[in-house]
Number of protein chains: 2
Amino acid sequence: MATASRKQREIRQRELLILDTARRMLLEKGYIGLSMDRIAAEIEYSKGTIYQHFTCKEDLVAALAVQTMTVRRGMFEAAASISGRTRERMTAVGVADQLFAEIEPDHARVEQLLKEVSIWDKASAERRNAALSYETSCMSVVAGVVRDGVAAGDLAMSDGEIEQLVFGLWSLAWGARSIMAASLAIEKFGISEPEAALTANYQVLLDGYQWRPLSTEWDYVATAERIRDELIRQRST
Amino acid sequence: MATASRKQREIRQRELLILDTARRMLLEKGYIGLSMDRIAAEIEYSKGTIYQHFTCKEDLVAALAVQTMTVRRGMFEAAASISGRTRERMTAVGVADQLFAEIEPDHARVEQLLKEVSIWDKASAERRNAALSYETSCMSVVAGVVRDGVAAGDLAMSDGEIEQLVFGLWSLAWGARSIMAASLAIEKFGISEPEAALTANYQVLLDGYQWRPLSTEWDYVATAERIRDELIRQRST
DNA sequence: GTCAAATATTGACAACTCGTCAATTTCGGC
DNA sequence: GCCGAAATTGACGAGTTGTCAATATTTGAC
């Protein structure tokens, strides 16, 4: 009994070891360069043992994606529950997104790498459900802040538009990061600070939706800095 | 001489045959399911011959991406040169983007599939340069319309902001399509018409940038329809 | 029309990949 | 110390990409 749980602990530990090794390899060599044989060699277990944890290569990397999603969700929730006006809280989620990319670069890059390859078809249903749940809960956090904005009278919006706005912010963030990672032309084209451009566009979109106070009436750069410090402080405790 | 060019024509023809076959296979079976052996069998040439056209599998799919980019660029240019107010022309590019996804679904899907896998590292330098050039010229088309907007006094903007706006539109479009293709949660979350949401967000962003006439002062839905018809008409001639 | 040299084409091959499963080792309870 | 259950292994089958000696074709000179 005590031994059984010790064994289970060992297995959990090993699973983490596999994931860590896989993540490192994925970042170094890309999805195609990620080899089950090499992982096995590195962790000094046989390949068969790895396949006791994961049904296939896709399932393994899907597990990586799920790990990453939990980290992101945690940061989003912390950001959304910060104090201030509703648009400040929306800004906070943007800051969290940026912080996530900055503080957890491995996680952020894995997330991108994996959106690319179609993993979910072959991954186990269990894993897929986990991912689905984390993704929807990330979106719900954002949608919650938007609803608070409407409730507070800072934002006028029908129900369908709320999802539209969330989709817009999400597209903007995801697209920008995806372009930063993959595009050949971005530097040549003269976007030297894409991260700053992203946050600026973020605010422009919120202005377009007339989320009050508008950026002409409020210093959201200061807000972003305040929140950034606060989120970092929270993390370190 | 005449014979040399005949031979060259044959080679060109075969290259197109390889690309067509590869595209079909890529769409059917995904990047991993795309096999050089199977392509060779299907076109009834040996694998060695394929490797005379392309340095490696990545180079082949990079060539597919380049083909796709030329189609996209063509549509962008046609859209940008349409008549009307500057913001209408900007809207036209958005319509072209949508039309591209609609009329050339194979090209559009290939474009997405390939952003995912990191192809460019291994592709030949020649191919990479071609891609870079097409991508920058797509962006230049958009930037040109923005500059025209500034010149016409419809839009107030510093130089750096122009690139920022282009980056914003591009992020929005790219991110939305990427999410549509890959996301598990999108339907569950209640975004039933993502394409419509994208075009709406498009206009919201332009409103945020105060590109006149604002969407409150002008019917851009009508504009989009007019341009859509016109672009389709142009294509069919 | 003939023939040698240049060019194009081939497919067996080496070296790798994923996922399986019979055989082996390790472990837990008695 | 011993036995049955559970975990671990790595050789293996079937697949992949990319290479290259051997073969087939085309070319240009005579």
Side-chain angles (χ1 to χ4, degrees), chain A residues 1-19 21-22 25-26 28-64 114 117-124 127, chain B residues 1-19 21-22 25-26 28-64 114 117-124 127:
Chain A
M1 196 167 284
T3 57
S5 96
R6 177 169 63 81
K7 186 75 203 169
Q8 277 194 311
R9 259 204 325 277
E10 273 175 30
I11 289 177
R12 281 269 284 278
Q13 201 84 18
R14 190 175 55 197
E15 188 152 319
L16 293 178
L17 177 62
I18 295 172
L19 288 172
T21 310
M25 206 172 283
L26 182 65
E28 257 173 51
K29 319 221 176 197
Y31 180 77
I32 294 166
L34 180 71
S35 146
M36 302 301 257
D37 279 309
R38 269 210 299 279
I39 295 174
E42 208 161 303
I43 64 172
E44 293 183 309
Y45 280 94
S46 80
K47 199 163 41 159
T49 300
I50 297 181
Y51 277 95
Q52 214 141 20
H53 291 261
F54 309 99
T55 64
C56 59
K57 187 181 172 183
E58 281 83 0
D59 194 47
L60 197 171
V61 293
L64 282 181
L114 295 190
V117 192
S118 57
I119 279 148
W120 304 104
D121 296 337
K122 280 181 126 191
S124 68
R127 204 83 59 187
Chain B
M1 198 171 277
T3 59
S5 95
R6 178 170 63 83
K7 187 75 203 171
Q8 277 193 313
R9 259 203 326 275
E10 272 175 31
I11 290 177
R12 281 268 285 276
Q13 201 85 17
R14 190 175 55 197
E15 187 153 319
L16 293 179
L17 177 62
I18 295 172
L19 288 172
T21 310
M25 205 173 284
L26 181 65
E28 259 174 50
K29 320 223 176 195
Y31 181 77
I32 293 166
L34 179 72
S35 146
M36 302 301 257
D37 278 311
R38 270 210 298 280
I39 295 174
E42 209 160 302
I43 64 173
E44 292 183 310
Y45 281 93
S46 80
K47 197 162 45 158
T49 300
I50 296 180
Y51 278 94
Q52 213 142 20
H53 290 262
F54 308 98
T55 64
C56 58
K57 187 180 171 183
E58 282 83 359
D59 194 46
L60 196 171
V61 293
L64 281 181
L114 296 190
V117 193
S118 56
I119 279 148
W120 303 104
D121 297 336
K122 279 182 125 194
S124 67
R127 202 83 59 189

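A, B, ... follow the sequence lines: proteins, then strands. Residue 1 opens every chain.
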Sequence-distant partners of [X], side chain to side chain donor-acceptor pair (under 3.5 Å), two or more places apart:
X: E10(A); value: R6(A)
X: R14(A); value: H53(A)
X: Q52(B); value: none

Exercise. Is the distance from OP1 or OP2 of dT10(C) to the nearest side-chain N or O of T49(B) less than 4.0 Å?
Worked result: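 It does, given that an N or O in the side chain of T49(B) lies less than 4.0 Å from OP1 or OP2 of dT10(C).
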
Problem set entry | Residues in contact with DNA chain D, drawn from residues 33-44 of chain A - heavy-atom cutoff 4.0 Å |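 Heavy-atom cutoff 4.0 Å gives no residues at all.
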
For this session: With a 4.0 Å heavy-atom cut-off, tell me which residues in residues 54-64 of chain B come close to DNA chain D, sorted by residue number.
Result: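 Close to the strand are C56(B), K57(B), E58(B).
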
Let me confirm one number: the [atom1]-[atom2] distance from [X] to [Y], rounded to the nearest 0.5 Å.
X: I11(A); Y: L17(A); atom1: CD1; atom2: CG; answer: 13.5 Å
X: L16(A); Y: T21(A); atom1: CG; atom2: OG1; answer: 10.5 Å
X: E15(B); Y: T49(B); atom1: CD; atom2: OG1; answer: 12.5 Å
X: E28(A); Y: L26(A); atom1: CD; atom2: CG; answer: 10.0 Å
X: S124(A); Y: L60(A); atom1: OG; atom2: CG; answer: 11.0 Å

May I have the distance from [X] (atom [atom1]) to [N] (atom [atom2]), rounded to whole angstrom?
X: R14(B); N: dA8(C); atom1: CZ; atom2: P; answer: 9 Å
X: Q52(B); N: dT25(D); atom1: CD; atom2: P; answer: 16 Å
X: E10(A); N: dT26(C); atom1: CD; atom2: P; answer: 14 Å
X: E15(A); N: dT8(D); atom1: CD; atom2: P; answer: 12 Å
X: I32(B); N: dG19(C); atom1: CD1; atom2: C1'; answer: 14 Å
X: Y51(A); N: dT8(D); atom1: OH; atom2: P; answer: 17 Å
X: L17(A); N: dT8(D); atom1: CG; atom2: P; answer: 13 Å
X: I18(A); N: dT8(D); atom1: CD1; atom2: C1'; answer: 12 Å

Problem set entry | A62(A): partners by side-chain contact (heavy atoms from CB on, under 4.5 Å), with sequence neighbours left out |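 A62(A): side-chain contact (heavy atoms from CB on, under 4.5 Å) contacts with I119(A), W120(A), A123(A), R127(A).
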
Exercise. Choosing from dG19(C), dA12(C), dT9(C), which nucleotide comes nearest the side chain of K122(A)?
Worked result: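 Nucleotide nearest to K122(A)'s side chain: dG19(C).
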
Distances under 3.5 Å only, N/O to N/O: pair up the protein atoms with those of nucleotides 21-25 of chain C.
none

For this session: Return the angle between end axes of the helix from dG1(C)-dC30(D) to dC30(C)-dG1(D), with five pairs used per end and rounding to 10°.
Result: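 Comparing the axis at each end, I get an angle of 10°.
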
Donor-acceptor contacts under 3.5 Å from residues 32-46 of chain A side chains, at least two apart:
unit_1 : atom_1 : unit_2 : atom_2 : d
S35(A) : OG     : D37(A) : N      : 3.2
S35(A) : OG     : R38(A) : N      : 3.1
D37(A) : OD1    : K47(A) : NZ     : 3.3
R38(A) : NH2    : G33(A) : O      : 2.5
E42(A) : OE2    : R24(A) : NH1    : 2.9
S46(A) : OG     : G48(A) : N      : 3.3

For this session: Can you see which heavy atom on L19(A) is nearest to which on F54(A), and at what distance?
Result: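 Looks like CD2-CZ, 3.9 Å.
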
